[in-house]
Amino acid sequence: QVQLVESGGGLVQAGGSLRLSCAASGRSFSSYRMGWFRQGPGTEREFVAGINRSGGRTYYADSVKGRFAISRDNAKNTVFLQMNSLKPEDTAVYYCAADWSVNSAVAARPGEYGYWGQGIQVTVSS
């Protein structure tokens, strides 16, 4: 099992940047595919970005491509989401997710992830 704790959220003006971190407890972090999802008010949880076990493959939602970057440090059991050029529509609760898998691909569907963090609020003001 793995426990996930997000940090780095907060309030930022449009055009600004934030860096989210997700610290994972437990062993074998490098065996988990990792992802970031978000859920805005009255909306369903949506995929933001994913990264495979080694960090060599990433995948992004079209809405964040070119602005957000996911990365991981397997030595520190941490995955990051660098968010630049933030827009008010990026306002949401952001969730870190983990999937234990031998698959080297990136997972992009919520159902593929078995472990979730508690979520952290990101608010972008106009």
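For reference, positions follow the sequence shown, starting with 1. Just so you know, these numbers use all the heavy atoms, side chains as well, and skip hydrogens, waters and symmetry mates.
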- request: Go through R38 and S63 one step at a time and tell me if the side-chain contact (heavy atoms from CB on, under 4.5 Å) criterion holds.
  value: CA-CA 12 Å; R38 67 186 181 187; S63 58; 3.5 Å; yes
Would you say that [X] contacts [Y] through its side chain, given a criterion of any heavy-atom pair below 4.5 Å between the two side chains?
X: E89; Y: V124; answer: no
X: L20; Y: M83; answer: yes
X: Y95; Y: E6; answer: yes
X: F29; Y: T78; answer: no
X: V79; Y: I70; answer: yes
X: L86; Y: L18; answer: yes

Is the [atom1] atom of [X] crowded by more than 12 outside heavy atoms at less than 6.0 Å?
X: Y115; atom1: OH; answer: yes
X: Q3; atom1: CD; answer: no
X: W100; atom1: CH2; answer: no

field: Separation between OH of Y113 and CG of L4, rounded to the nearest 0.5 Å
entry: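 Those atoms lie 11.0 Å apart.
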message: Working to the nearest 0.5 angstrom, can you tell me the gap between F47 CZ and E112 CD?
response: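 Between F47 CZ and E112 CD, I get 9.5 Å after rounding to 0.5 Å.
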Is it the case that the side chains of [Y] and [X] hold a donor-acceptor pair, with the cut-off being a distance below 3.5 Å and no angle test?
X: T123; Y: Q121; result: yes
X: Q39; Y: E46; result: no
X: S17; Y: N84; result: yes

Please report the shortest heavy-atom distance between [X] and [Y], naming the atom on each side.
X: S125; Y: L11; value: CB-CD1, 4.3 Å
X: S30; Y: N74; value: CB-ND2, 3.5 Å
X: S126; Y: A14; value: CA-CB, 4.4 Å
X: V2; Y: A98; value: CG1-CB, 4.0 Å

- request: Kindly indicate whether a cation-pi arrangement holds for R72 with Y32, taking the cut-offs as under 6.0 Å to the six-membered ring centre and within 45° of the axis.
  value: no
Please determine whether residues [X] and [Y] belong to a single hydrophobic cluster, defined as Ile, Leu, Val, Met, Phe, Trp and Tyr linked transitively by side-chain heavy-atom distances below 4.5 Å.
X: V64; Y: Y94; value: yes
X: V12; Y: V93; value: no
X: V122; Y: Y60; value: yes
X: M34; Y: W116; value: no
X: F37; Y: Y59; value: yes

query: Ignoring hydrogens and geometry, is there a side-chain-to-backbone donor-acceptor pair from N52 to G56 under 3.5 Å?
result: yes
- prompt: In chain order, what residues pass the side chain to side chain contact (heavy atoms under 4.5 Å, CB included) check against S101, with sequence neighbours excluded?
  reply: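 Scan of S101 (side chain to side chain contact (heavy atoms under 4.5 Å, CB included), adjacent residues dropped) gives R33, D99, N103.
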message: For R19, give me all partners under side chain to side chain contact (heavy atoms under 4.5 Å, CB included), at least two apart in sequence or on another chain.
response: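 Listed in chain order: F80, Q82.
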task: Please determine if K65 and D62 form a salt bridge, counting it only when a charged side-chain N lies under 4.0 Å from a carboxylate O.
output: yes
